[in-house]
Amino acid sequence: MSCREQIISEITNKRDLCQTISPEMKGKPIAQIFGMNSFNDAAMKKYLPKKTHEALKKIIKEGGGRVEPALAEEVAQGLKKWAISRGATHFTHWFHPMTGLTAEKHDSFLNVSKEGKIIERFSGSNLIQGEPDASSFPSGGLRSTFEARGYTAWDPTSPAFLVEGVNGTTLCIPCLFLSYTGEALDKKTPLLRSMDRLSEVAVKILHLFGNKTIHRVYTTVGPEQEYFLIDKAYYNRRPDLIITGRTLFGAKPPKGQEMEDHYFGSIKERILAFMHDSELEMFKLGIPVKTRHNEVAPAQFEIAPLFEDSNVATDHNQVVMETMKKIANRHDLVLLLHEKPFLGINGSGKHNNWSMADSEGNNLLEPGKTPHENLQFLTFLIATMKAVYKYSDLLRATVATAGNDHRLGANEAPPAIISIFLGEQLTKILDNLEKHKKSSYSDKAIIDLGISKLPMISRDNSDRNRTSPFAFTGNKFEFRAVGSSHSIAMANYTLNVIVADILNVLYKEIEKNIKTEKDFNKAVLKAIIPLITETKPIRFEGNNYDPAWEKEAKKRGLPNKKTTPESLKDLISRKNIAAFTKLNVLSEVEIRSIYTILVEQYIKVTNIEAETALTMAKTLVASAAIKYQNVLAKSVKNLSSVNGIDDKVLKKESEVVSMYSKLVVELFEKTEKLDAVLEKREVIHDEDKKAEFYCKEIIPLMYSLRETVDMLEEYTGDDYWPLPKYREMLFVY
Ligand code: ADP
Ligand code: MG
């Protein structure tokens with residue numbers, strides 16, 4: 001039996017649908033289990049003295065801040081009691097280093113008392129601060145410039161949670177990760193800073209609008225997460241999937257996603273078992289996962305939570321990815337989060353739904369019921385548009401990674417050009433407003449302009465354009481360019497920063513206008529209407545996949561950075577550095593270090609891919625190809641010794657051998673070429689140039705090698721091909 005036959009028979013005989021949920025948990029009402037593994041408000045109430053609980057709640061509401069040692073001590077005692085009562089033996093500070101993954105270093109509660117007795121201990125200082133060895137995390141040069149060590153600092157705004165392993169439970173404490181001189185070494189620190197900055201200016205604007213009781217504005221996020229699931233047996237036989245997360249070779253299957261039968265079909269039982277299992281874990285962790293469905297590509301799926309504030313949503317998305325990976329394994333499945341695991345098949349992204357809500361729970365991107373509310377809605381809407389217009393290059397750079405390049409630059413959802421989709425209704429309203437820019441901005445004008453009764457923008461209407469990278473969908477914007485494996489932190493802190501930047505300008509403008517205009521509405525309109533005109537180039541309602549859009553976008557002056565090395569440079573442009581530094585969200589040193597890390601990561605990822613492709617081509621593919629070539633050649637030889645064989649038969653067979661041999665030669669030549677060119681990396685010392693080298697020289701050679709390998713796959717006898725095929729991985733599970 002060939003290796004692939006063996007896998008398929010294994011899978012076919014796998015009838016056990018991994019009944020991993022214990023009988024007592026099965027079918028339990030969500031309300032009963034939700035948050036049982038999260039130190040949420042209910043747990044705090046139960047385990048903390050009332051005063052402590054109140055004080056902590058206040059800190060959380062205000063988006064964080066200094067926690068006094070005495071308070072930390074009391075919280076630590078409550079937290080420890082709760083965690084131990086739920087079976088925890090260990091705790092860890094849990095944080096987001098620049099790698100995009102999360103990091104942990106576990107300690108047990110074990111301690112020895114003065115009397116020499118074994119006790120369980122967890123103190124305020126254990127809670128507030130930890131010291132992982134920072135030298136193993138990337139710092140983009142920050143560490144050498146400043147301090148050798150970094151420390152983790154408790155983030156009280158994101159609830160601590162318990163991770164249940166098969167044999168034990170660990171208390172995870174969400175943290176920031178900083179250098180001793182205070183530079184951010186993680187993705188969460190700038191996120192929290194950005195939320196504060198946006199809040200400060202948004203509150204000031206709301207006060208201008210007369211909403212004086214608002215004390216904070218939260219940014220809200222609901223990330224829709226796409227992923228693939230394939231059987232573990234395939235995965236384990238694909239070195240490319242194991243090492244790089246995507247297939248470096250693989251011929252197109254005869255059927256892809258064109259029938260749409262997967263998208264509209266019912267969820268297969270085995271997948272559903274996985275979904276129930278992983279969702280149960282997430283409910284326990286207090287992650288409000290809501291929606292699950294099949295996605296466009298075969299074996300592709302999506303999970304979406306209810307939205308939360310950006311900080312918690314970011315932590316939760318990270319936990320969602322980790323939990324799904326873990327649970328998939330229990331089901332003999334592997335979760336693929338790569339942006340493009342299968343060439344020619346729809347890739348995976350994350351739709352980052354983003355909005356702002358005030359401290360009374362009002363969504364600032366929700367059209368209101370009165371002219372006044374509508375004007376406020378338009379102010380925040382237009383500010384966001386201006387932010388995306390002014391900083392579209394920066395926004396693009398926040399999602400620039402080697403993996404996402406295969407998706408964004410490849411004329412697939414969405415393109416590398418950032419544009420905004422508003423929908424018909426809003427477009428009309430803005431056009432109307434713009435036309436009246438010269439008329440007096442009186443109260444009456446507001447009524448004439450039709451904004452006195454803005455229709456609730458119906459979601460069905462606004463959500464049609466699935467190709468737009470930045471779409472208004474009724475009461476939020478949806479940034480769809482984020483990669484499926486990315487942490488959403490950077491996209492979100494950047495969004496917060498750029499919107500806060502524009503809101504600051506608008507606030508000053510409105511304040512100035514109030515002095516001369518007396519009429520408040522007039523003062524606001526005078527500030528926002530010019531922005532409608534100014535931001536017109538970024539508005540696009542058409543099909544973003546249409547090649548004509550690329551030309552049109554170019555005419556409009558919109559950036560179109562297809563590759564990571566090209567796009568990342570925008571992170572460190574004067575304008576974009578200023579956006580971060582002005583608001584003290586990142587210092588110039590911090591941005592430059594992020595840039596260095598991202599470039600480094602691009603180089604590493606691409607180099608690993610090239611090395612993996614080479615090894616596979618030289619060993620797995622070459623071995624199969626030579627064996628099969630031999631079979632073909634022997635067949636011709638044997639045939640020619642058959643008496644009276646038709647010349648036509650011999651000729652045809654010889655042609656096949658000759659064609660196949662040409663492919664084999666090509667395989668060797670292309671392997672040699674890639675190998676030789678890759679050597680050049682040793683003499684390129686500048687990191688920017690190195691990234692460019694991988695982008696412009698190595699990736700095209702990898703694609704070219706792939707072409708030959710995929711042709712060989714198509715012509716090699718099925719039982720000789722060693723790698724699981726697309727048609728198997730995507731359809732047989
Ligand atoms: P669709 O799949 O059609 O885009 P969904 O109803 O599934 O729409 O919503 C997508 C995501 O948007 C969900 O995670 C949802 O919680 C989130 N969302 C809804 N309202 C907001 C909001 N005000 N701020 C942030 N995210 C939101
Ligand atoms: Mg969506």
Side-chain angles (χ1 to χ4, degrees), residues 30 34 191 194-195 198-199 202 206 214 216-227 263-264 267 275 279 282-283 286-296 300-321 324 346 348-368 373 376-377 380-381 383-384 387-388 413-414 420-423 426 456-482 484 486 488-489 491-496 499 544:
I30 295 175
F34 192 81
L191 180 62
S194 76
M195 288 168 72
L198 188 133
S199 177
L206 291 176
I214 304 300
R216 180 145 180 112
V217 166
Y218 303 90
T219 45
T220 53
V221 174
E224 301 165 61
Q225 173 76 50
E226 294 176 336
Y227 61 92
Y263 192 62
F264 293 113
I267 301 174
M275 288 175 167
E279 284 166 21
M282 296 180 219
F283 287 147
I287 303 174
V289 286
K290 173 84 176 156
T291 310
R292 59 178 176 221
H293 59 79
N294 291 341
E295 253 307 324
V296 181
Q300 193 187 26
F301 310 91
E302 179 183 301
I303 183 167
L306 294 177
F307 68 90
E308 299 177 280
D309 84 57
S310 312
N311 184 33
V312 176
T314 299
D315 279 0
H316 278 172
N317 180 248
Q318 220 63 35
V319 179
V320 163
M321 293 192 282
M324 286 204 299
N346 191 57
S348 297
K350 208 139 33 191
H351 291 181
N352 189 84
N353 293 271
W354 177 93
S355 188
M356 297 160 276
D358 68 27
S359 44
E360 287 170 11
N362 304 302
N363 180 351
L364 301 185
L365 289 178
E366 179 102 46
E373 282 174 8
Q376 183 189 303
F377 156 70
F380 285 98
L381 178 91
T384 310
V388 174
I420 297 179
F421 171 83
L422 285 180
L426 261 184
M456 292 295 282
I457 313 294
S458 79
R459 278 171 46 74
D460 283 344
N461 228 336
S462 59
D463 204 22
R464 286 279 152 72
N465 194 330
R466 288 253 151 216
T467 69
S468 173
F470 207 89
F472 186 74
T473 47
N475 56 6
K476 59 186 158 72
F477 275 104
E478 196 168 327
F479 183 31
R480 299 184 177 134
V482 185
S484 47
H486 295 176
I488 58 171
N492 282 292
Y493 69 66
T494 304
L495 253 173
N496 298 348
V499 173
N544 282 262

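Counting from 1, the numbers follow the sequence of the chain as shown. Counting starts at 1 for both ligands and their atoms, in listed order.
The shortest non-hydrogen separation linking Y263 to V296 is CD1-N, 3.5 Å.
The shortest N/O to N/O separation between T220 and ligand 1 falls below 3.5 Å. Checked by distance only, ligand 1 and E224 come closer than 3.5 Å through their nitrogen or oxygen atoms. Checked by distance only, ligand 1 and P223 stay at 3.5 Å or farther apart across all their nitrogen or oxygen atoms.
In this structure, the side chain of N363 engages the main chain of N475 through a donor-acceptor pair within 3.5 Å. Proximity of a side-chain donor or acceptor of K476 to a complementary backbone N or O of W354 within less than 3.5 Å is not detected.
Across the listed options K476, H351, R480, K476 owns the non-hydrogen atom lying nearest to atom 9 (O) of ligand 1. Considering only non-hydrogen atoms, atom 12 (O) of ligand 1 lies nearest to N353 out of D309, L364, N353.
In the vicinity of P305, heavy-atom distances shorter than 4.0 Å reach the ligand 1 atoms 13 (C), 14 (O), 15 (C), 16 (O).
H316 has its side chain out of reach of M282: every pair of non-hydrogen atoms, C-beta onward, lies at least 4.5 Å apart.
In this structure, R466 has a heavy atom closer than 4.0 Å to ligand 1. In this structure, K290 has no heavy atom closer than 4.0 Å to ligand 1. The closest approach between N363 and ligand 1 falls below 4.0 Å for a heavy atom of the residue.
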